[in-house]
A.B. asks: 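Pasting in a structure now, in structure tokens, and then I'll have a few things to ask.
Keep in mind that the numbers below use all heavy atoms, side chains included, and drop hydrogens, waters and symmetry copies. Note that this is a predicted model, so its numbers are computed, not measured.
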Amino acid sequence: MEQTRPMDSAPHTVKVLEDPRCPYCAKFETEAGPKLAELAADGKIKIEYTIASFLDANLGGSGSANAARALRASVDAGKFPQFHAALYASQPKESIDGFTPAFLLTVADKVPGLRGAAFDKAVGSGAHADWLARAEKAVETSGARGTPTVLLDGKPVGPDDALYEAAAFAKALKARGIG
């Protein structure tokens, strides 16, 4: 018998579109991320992340792509939520190539059970390039005008400043029936 996880049958879906190099995404994850994780754990929402790397094209370097592929590798290892939180908590100040493979492995050291041959190889090899291209295309065609873009059941969570302060974000969700 297969057991359904609470988040799989959650009545609401939060979609988050983000780029790992985006400082506003880091601020969102620092302030609102814990609330999303709590609501998902309680079975009230499920969270769908779409990770882009458009800032590499805009700013140069490959930091977004490196981090996005590492995030995908963390899915394979069953450690996405933990690595995602650690990644944004450790976002480097270096805007071009701060997310090097070596730096990403250092961040992964903060997540018990994440490091291993498969994860380390994926981070160092540029694996998941096809997945990243599909994710980038999904963000481009989504209509999002920037990151982070946060949608609750397909509609933006707002006002925009609510994304960057925990209490305001909780209030915005409550106004939409999520508490």
A.B. asks: Between the side chain of Asp19 and the main-chain N/O of Leu55, is any donor-acceptor distance below 3.5 Å?
C.D. replies: yes
A.B. asks: Between Arg134 and Asp130, does at least one N-O distance fall below 4.0 Å, as a salt bridge requires?
C.D. replies: no
A.B. asks: Counting C-beta onward and ignoring hydrogens, is there a side-chain heavy-atom pair between His84 and Glu18 closer than 4.5 Å?
C.D. replies: yes
A.B. asks: In this structure, is the centre-to-centre distance between the rings of Phe28 and Phe169 below 6.0 Å?
C.D. replies: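 Between Phe169 and Phe28, the centre distance is under 6.0 Å.
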A.B. asks: Is the shortest side-chain heavy-atom distance between Val150 and Pro156 below 4.5 Å?
C.D. replies: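 Val150 does not reach Pro156 side chain to side chain.
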A.B. asks: Identify the heavy atoms of Pro20 and Ser64 that sit nearest to each other, and give their distance.
C.D. replies: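 Scanning both residues completely, I find the closest heavy atoms to be CG-O, 3.9 Å.
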A.B. asks: Taking Ala135's backbone N and O only, do any of them form a donor-acceptor pair with Glu140's side chain (distance below 3.5 Å, no angle check)?
C.D. replies: no
A.B. asks: Thr149 side chain to Gly146 main-chain N or O, any donor-acceptor pair under 3.5 Å?
C.D. replies: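 A pair under 3.5 Å: yes.
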A.B. asks: Considering all heavy atoms of both residues, which atom of Val123 and which atom of Ala70 are nearest to each other, and what is their separation?
C.D. replies: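 Where Val123 meets Ala70 most closely, the heavy atoms are CG2-CB, 3.8 Å.
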A.B. asks: A side-chain contact here means heavy atoms from C-beta on lying under 4.5 Å apart; do Leu17 and Tyr49 qualify?
C.D. replies: no
A.B. asks: Work out which heavy atom in Leu71 is nearest to a heavy atom in Ser74; give both atom names and the distance.
C.D. replies: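 Looks like O-OG, 2.5 Å.
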A.B. asks: Verify side-chain contact (heavy atoms from CB on, under 4.5 Å) between Ile45 and Leu36, making sure each step is shown before the conclusion.
C.D. replies: CA-CA 8 Å; Ile45 64 166; Leu36 288 180; 3.7 Å; yes
A.B. asks: Report yes if the distance between the aromatic ring centroids of Tyr88 and Phe83 is under 6.0 Å, otherwise no.
C.D. replies: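 Centroid separation for Tyr88 and Phe83: 6.0 Å or greater.
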A.B. asks: Please report the closest heavy-atom contact between Phe119 and Ala73, naming both atoms and the distance.
C.D. replies: CD1-CB, 3.7 Å
A.B. asks: Is a side-chain donor or acceptor of Lys27 paired with a backbone partner of Cys22 at a separation under 3.5 angstrom?
C.D. replies: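 It does not hold such a pair.
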A.B. asks: Do Lys44 and His12 come within less than 4.5 Å of each other through their side chains, counting heavy atoms only?
C.D. replies: no
A.B. asks: With a sphere of 6.0 Å drawn around OH of Tyr24, does it hold more than 12 non-hydrogen atoms of other residues, nucleotides or ligands?
C.D. replies: no
A.B. asks: Would you call Arg21-Asp56 a salt bridge at under 4.0 Å N-O?
C.D. replies: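 Yes, charged N to carboxylate O under 4.0 Å.
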A.B. asks: Show your working on side-chain contact (heavy atoms from CB on, under 4.5 Å) between Lys155 and Arg176 and close with a plain yes or no.
C.D. replies: CA-CA 10 Å; Lys155 296 183 179 156; Arg176 298 271 302 274; 3.4 Å; yes
A.B. asks: So do the side chains of Lys46 and Val14 get within less than 4.5 Å of each other, counting heavy atoms only?
C.D. replies: no
A.B. asks: Quick one, Leu39 and Leu173 - any side-chain contact, counting heavy atoms below 4.5 Å?
C.D. replies: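 Sidechains of Leu173 and Leu39: in contact.
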A.B. asks: Testing the basics here: between Ile47 and Ala40, what is the closest heavy-atom pair and its distance to 0.1 Å?
C.D. replies: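 For Ile47 versus Ala40, the nearest heavy atoms are CD1-CB, 4.0 Å.
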A.B. asks: Using side-chain heavy atoms (C-beta onward) and a distance below 4.5 Å, is Phe99 in contact with Gln91?
C.D. replies: yes
A.B. asks: List the steps, then state whether side-chain contact (heavy atoms from CB on, under 4.5 Å) holds for Val16 with Glu48.
C.D. replies: CA-CA 6 Å; Val16 180; Glu48 297 176 359; over 6 Å; no
A.B. asks: Please confirm whether the backbone N or O of Ala108 pairs with a side-chain atom of Arg115, one donor and one acceptor, at under 3.5 Å?
C.D. replies: no
A.B. asks: With distance as the sole criterion, is a donor-acceptor pair present between the side chains of Thr50 and Lys15 under 3.5 Å?
C.D. replies: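 There is no such pair between these side chains.
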A.B. asks: Which pair of heavy atoms, one from Leu132 and one from Ala68, lies closest together, and at what distance?
C.D. replies: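 Shortest heavy-atom contact: CD1-CB, 3.6 Å.
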A.B. asks: Can you confirm whether Leu104 sits close enough to Asn66 that some side-chain heavy atom of one is under 4.5 Å from a side-chain heavy atom of the other?
C.D. replies: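 Leu104 reaches Asn66 side chain to side chain.
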